[in-house]
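Naming convention: chains lettered A, B, ... in sequence-line order (proteins, then strands); numbering from 1 in each chain. Since we're looking at a predicted model, the values are computed, not measured.
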Amino acid sequence: MPPKRTLHRTTPSPGNEAAAAICAVVRRIPRGWVATYGQVAAMAGLPRRARLVGYVLQHLDTTTDIPWHRVVNAKGEVSYTLSRHGSDAFQQRLLQEEGVEFDDRNRFDLERFRWPE
DNA sequence: GTTATGACTTCAC
DNA sequence: CGTGAAGCCATAA
């Protein structure tokens, strides 16, 4: 019998397949490209669980090497929220440094920068 | 146990 | 194009 474990935690850890699968996908997003939360979820084998992707990224350690900033929403923009305390603006800056061009309303061409695959 | 909240998405209008 | 509702589901209270 395999040990019973909770697979509900969003913090990456051995025994958390969902978070591990999500992180594995995010790691593969190339520099200068982006993927949506829903896209990452689907590629991780977790269709319709876009929100889970957001939770996992939120709990990542600040020293992580995972390119969390390349995950964006389906509207073609960085998800701005008060609870992010500035990590949202930081995310946009990182993307701009990688060549993602934002317009005057903080949006970019999703068709152009979306990671195909 | 319940309710509320949210780094989300899709569809109807 | 924008808005709102419904669906989503882990977490916190």
Side-chain angles (χ1 to χ4, degrees):
Chain A
M1 268 294 275
K4 190 186 292 183
R5 315 173 177 269
T6 60
L7 297 178
H8 303 295
R9 296 179 57 77
T10 54
T11 48
S13 64
N16 185 342
E17 297 176 12
I22 288 168
C23 290
V25 171
V26 175
R27 266 182 221 282
R28 296 184 4 232
I29 307 174
R31 182 182 172 84
W33 295 83
V34 300
T36 66
Y37 293 94
Q39 179 182 356
V40 170
M43 293 175 75
L46 303 163
R48 293 180 300 286
R49 297 184 69 182
R51 284 198 119 123
L52 183 59
V53 176
Y55 280 107
V56 170
L57 296 186
Q58 188 169 37
H59 295 121
L60 287 177
D61 193 83
T62 51
T63 63
T64 186
D65 57 334
I66 297 174
W68 54 271
H69 59 283
R70 299 184 188 139
V71 183
V72 297
N73 66 32
K75 297 181 297 190
E77 59 188 15
V78 167
S79 290
Y80 272 81
T81 297
L82 296 172
S83 61
R84 292 188 64 179
H85 301 288
S87 76
D88 38 19
F90 179 52
Q91 175 178 7
Q92 179 166 338
R93 206 187 72 209
L94 289 175
L95 288 175
Q96 287 170 324
E97 287 173 0
E98 292 188 357
V100 179
E101 301 165 14
F102 288 75
D103 63 18
D104 54 358
R105 292 195 313 188
N106 287 346
R107 293 202 295 219
F108 58 88
D109 187 345
L110 186 55
E111 289 298 297
R112 181 176 162 198
F113 293 105
R114 188 202 279 266
W115 178 38
E117 196 158 336

Practice item. Would you classify A:R107 as touching base, sugar-phosphate or nothing, given that sugar-phosphate means primed atoms plus P, OP1 and OP2, and contacts are heavy atoms under 4.0 Å? Key: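 Sugar-phosphate only.
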Review point. Contact class for A:T36 vs. all strands (heavy atom < 4.0 Å): base, sugar-phosphate, or nothing?
Key: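 Contact class for A:T36: sugar-phosphate only.
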Check your understanding: If you measure from OH on A:Y80 to CG on A:N73, what distance do you get to the nearest 0.5 Å?
Key ->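 That separation rounds to 11.5 Å.
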Review point. Which distance, rounded to the nearest 0.5 Å, do you find between the CD of A:E98 and the CD1 of A:I29?
Key: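 Answer for the CD-CD1 pair, A:E98 versus A:I29, is 10.0 Å.
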Check your understanding: Aromatic rings A:F108 and A:F102: how do their planes relate, parallel, tilted or perpendicular, breaks at 30° and 60°?
Key ->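 A:F108 and A:F102: perpendicular rings.
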So if I take every side-chain heavy atom of [X] and compare against [options], which nucleotide ends up nearest?
| X | options | value |
| --- | --- | --- |
| A:Q91 | B:dA7, C:dG7, C:dA10 | B:dA7 |
| A:A50 | B:dT9, B:dG6, B:dA7 | B:dT9 |
| A:A74 | B:dT10, C:dG7, C:dA10 | B:dT10 |

Is any side-chain heavy atom of [X] less than 4.5 Å from a side-chain heavy atom of [Y]?
| X | Y | answer |
| --- | --- | --- |
| A:L60 | A:C23 | yes |
| A:T36 | A:L110 | yes |
| A:N106 | A:E77 | no |

Tell me: [atom1] of [X] to [atom2] of [N], nearest whole Å?
| X | N | atom1 | atom2 | result |
| --- | --- | --- | --- | --- |
| A:R84 | B:dG6 | CZ | P | 14 Å |
| A:D88 | B:dA7 | CG | P | 9 Å |
| A:N73 | C:dC8 | CG | C1' | 16 Å |
| A:F90 | B:dA7 | CZ | P | 18 Å |
| A:Q39 | B:dT10 | CD | C1' | 16 Å |
| A:L60 | C:dA10 | CG | C1' | 15 Å |
| A:Y55 | B:dA4 | OH | P | 15 Å |
| A:R48 | C:dC9 | CZ | P | 7 Å |

Respond yes when some side-chain nitrogen or oxygen of [X] is under 4.0 Å from OP1 or OP2 of [N], and no when none is.
| X | N | result |
| --- | --- | --- |
| A:S83 | B:dG6 | no |
| A:T81 | B:dA7 | yes |
| A:R105 | C:dG2 | yes |

Point to revise | Secondary-structure stems for DNA chain B, with pairs counted as Watson-Crick or G-U when both distances are under 3.5 Å and runs at least 3 long | key: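 For DNA chain B the paired stretches long enough to count as stems (3 pairs minimum) are B:2-6 with C:9-13, B:8-13 with C:2-7.
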**Study point:** Side-chain donor/acceptor contact of A:R49 with base of C:dC9 under 3.5 Å
**Key:**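 Side chain to base: no pair below 3.5 Å.
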Check your understanding: Going by atom types only, do A:R84 and A:S87 share a side-chain donor-acceptor pair under 3.5 Å?
Key ->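 Yes, a side-chain donor-acceptor pair sits under 3.5 Å.
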